[in-house]
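One structure below.
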2 protein chains.
Amino acid sequence: MAVTIKDVARLAGVSQSSVCRALADPARVRPETRDRVQSAAKQLGYHPNRVARSLITGRTANLGVVLPDLANPFFPTVVKAIQTRARRFDYAVFLSDTDEDPAVEVPAIRALAMQVDGFLLCSPRAPDDDLRPFAREKPMVVLNRRITPLPSVTADSADGMRQAVAHLAALGHRTLAYVAGPRTSWSNRDRQRGLRAATTAHGIRLVEVGNVAPTVDGGAAAADLVLAATGVTAVLAYNDLVALGLLRRCHARGVRVPEQLSVVGFDDILIAGLLAPPLTTVAIGKERIGRVGVDLLLELMTDPDHRGTAKRVLPTQLIVRGSTGPAVS
Amino acid sequence: MAVTIKDVARLAGVSQSSVCRALADPARVRPETRDRVQSAAKQLGYHPNRVARSLITGRTANLGVVLPDLANPFFPTVVKAIQTRARRFDYAVFLSDTDEDPAVEVPAIRALAMQVDGFLLCSPRAPDDDLRPFAREKPMVVLNRRITPLPSVTADSADGMRQAVAHLAALGHRTLAYVAGPRTSWSNRDRQRGLRAATTAHGIRLVEVGNVAPTVDGGAAAADLVLAATGVTAVLAYNDLVALGLLRRCHARGVRVPEQLSVVGFDDILIAGLLAPPLTTVAIGKERIGRVGVDLLLELMTDPDHRGTAKRVLPTQLIVRGSTGPAVS
DNA sequence: TTGTACGCGTTATCAA
DNA sequence: TTGATAACGCGTACAA
């Protein structure tokens, strides 16, 4: 059996309340008592039961993180940042991977709802209306998506796409392809929207392919579709994994990158810079997304009135590498 | 305020106990009552408070996962498998990333200890004696390490190294280098041990370099040391990230792989097969490690007496790719 | 079959 | 400054 506050109280010869105070608010007890309690606690190896505490205080000191796929290198980076930030404030984090299945999200949130003080929803796939109700139960911040009126942290996809298109246009490309990610992905729609605006502004033709799974295999499958489209000299992928699949399949089919086809990814995951050719991609501050997400959530939790609808949009930056080059006619 | 069992009882016109029974053990209550309770529960959107429940039952339905670095692609794969397996049995999982700092592990475990039914320690870095005490408080399974007498799941590094050395020996390599990972890593020591045995058996000379951080940067730093060593024609890295760093730095220094130097990694992370040249590496069943770990832990939890000292050793397999080739003198 | 009452470990309230 | 007691929400032994 674990050692409880009672044991400490008995050993120290004081009441439970004094133990509680001596440990939580040392200033409100006589120094002598404080010392007796603290040494008794140390001697017994006493640690307050956070479960019992949360029952009365209503606080759990836990955060819930829900995301679609830990196998996508984008998410571990975000999660690590979340975890690091959360630890600073003594929060523990629950992790729930929904494996890209929108139907799993609601039950996953439901299961965690009781034992967390707030949620960080990373790229959730479920419909807005399925998610919104939970926001009334627990503070909730959305990452990589906007769900009115929840606070959110997103990347400036439009600007990223603008940079990418400007880059490709400068290289002489006149027809681009976009390989779309999951239909349920908000960032896919956001990137697609931004890309359309950018191509229109440049008077560039856009061919859209997909939707495909946001994985290497999804990209490989899309490659054949892209290569079949007429006039395409450059392709922008939903994310780096898809771009990887494109590169791989192009290589297998003898299509040289960037000589015959330029490829641009999105996210700048670790692997992107290590490939041959290294991948030109739109970088997102992944760690920052996680950190800002936690900060927003903490703010929302401590300031219940402040039904803050903060919408943070973080900058993106095109990283030009070897996978893009001049267009050939 | 959340809806409690009391609200349901009031609406259904029964006592709290009846609500409890109607939901937990529908057979032990009159069908009429059961229906009233269930419809009341549904109408109010009642979900039992798992925190309060765990206080009385002693069970939390949570698992704790502690690991050194989510940024190493090896771990997300394991975690995803753990998460998936845990969900099947209605367990939620806490994730704690210690950022390769042994000193953080004990506090991290301590913080979670109250609210989990068991721990999965992935490649823990702290000394055995710091970790063992917790095993008396909560069931605990160790992955990628052995801590007597705890149950563990490890990979057969010795056999993996045997395969790798046999491969390199067959290619005519007579002097190998090993780039060692963290001193605190059990798998590093395990791999190193296996490699020593294999090289001795083949009458091959082994040069040991390191220890370095288990990252791309660590590998890059090691590259210069390896290239300075005389006679080395092939190098085995602690893991794929280190191997990546080696490849990158070799490329930067104009050393061609595999023509001038063969490189072998360990883990077979996603990126390994996508590089140019693709990385020859020793593959581990990462998903299986996670899955087996959960199964072992569940077994340990349901069978408290069975202080089972199961030590599962999973097979490894050499994947030969382009980063290894014949030795040149 | 159902209801009453207690206890899990902690913090909050109030009186001493 | 301290101690007794209530309360958090639930499960269960026991009584009805």
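Every chain is numbered from 1, with letters handed out A, B, ... down the list of sequences.
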> Hey, is the main chain of A:Lys80 close enough, under 3.5 Å, to the side chain of A:Thr84 for a donor-acceptor pair?
Replying inline: yes
>> Set out, in order, the CA-CA distance, both residues' side-chain angles and the distance that settles salt bridge (Lys or Arg N to Asp or Glu O under 4.0 Å) for B:Arg50 and B:Asp90, then state yes or no.
In response: CA-CA 12 Å; B:Arg50 298 177 78 169; B:Asp90 275 314; over 6 Å; no
> What distance do A:Glu287 atom CD and A:Thr77 atom OG1 have between them, rounded to the nearest 0.5 Å?
Replying inline: 6.0 Å
>> Looking at B:Arg125 and B:Asp99, is there a salt bridge between them, counting it only when a charged N and a carboxylate O are closer than 4.0 Å?
In response: no
>> What residues from residues 8-15 of chain B pass a heavy-atom cutoff of under 4.0 Å to DNA chain D?
In response: none
>> Working to the nearest 0.5 angstrom, can you tell me the gap between B:Lys138 NZ and B:Ile109 CD1?
In response: 13.0 Å
> Shortest non-hydrogen contact from A:Arg189 to A:Arg183?
Replying inline: NH1-O, 3.0 Å
> For B:Ser18 and B:Leu55, take the nucleotide of DNA chain C holding the closest heavy atom to each; which residue's nucleotide lies nearer the 5' end?
Replying inline: B:Ser18
> Ignoring hydrogens and geometry, is there a side-chain-to-backbone donor-acceptor pair from A:Asn72 to A:Phe75 under 3.5 Å?
Replying inline: no
Quick test: give all pairs of protein nitrogen or oxygen and nucleotides 10-13 of chain C nitrogen or oxygen below 3.5 Å, distance rounded to 0.1 Å.
from   : atom 1 : to      : atom 2 : distance (Å)
C:dT10 : OP1    : A:Tyr46 : OH     : 2.8
C:dT10 : OP1    : A:Asn49 : N      : 3.0
C:dT10 : OP2    : A:Ile5  : N      : 2.5
C:dT11 : OP1    : A:Arg53 : NE     : 2.8
C:dT11 : OP1    : A:Arg53 : NH2    : 2.9

> Just how far, in rounded Å, is P of C:dG9 from CZ of B:Arg59?
Replying inline: 17 Å
>> What is the separation between atom CZ on A:Arg28 and atom P on D:dG3, rounded to the nearest whole Å?
In response: 15 Å
>> Starting the side chain at C-beta, find the nucleotide from D:dT2, C:dT2, C:dC8 nearest to A:Thr33.
In response: D:dT2
> Which whole-number value in Å describes the distance from A:Asp25 CG to D:dT2 P?
Replying inline: 12 Å
> At their closest point, which heavy atom of A:Asn62 faces which heavy atom of A:Tyr91, and how far apart are they?
Replying inline: N-CD2, 3.7 Å
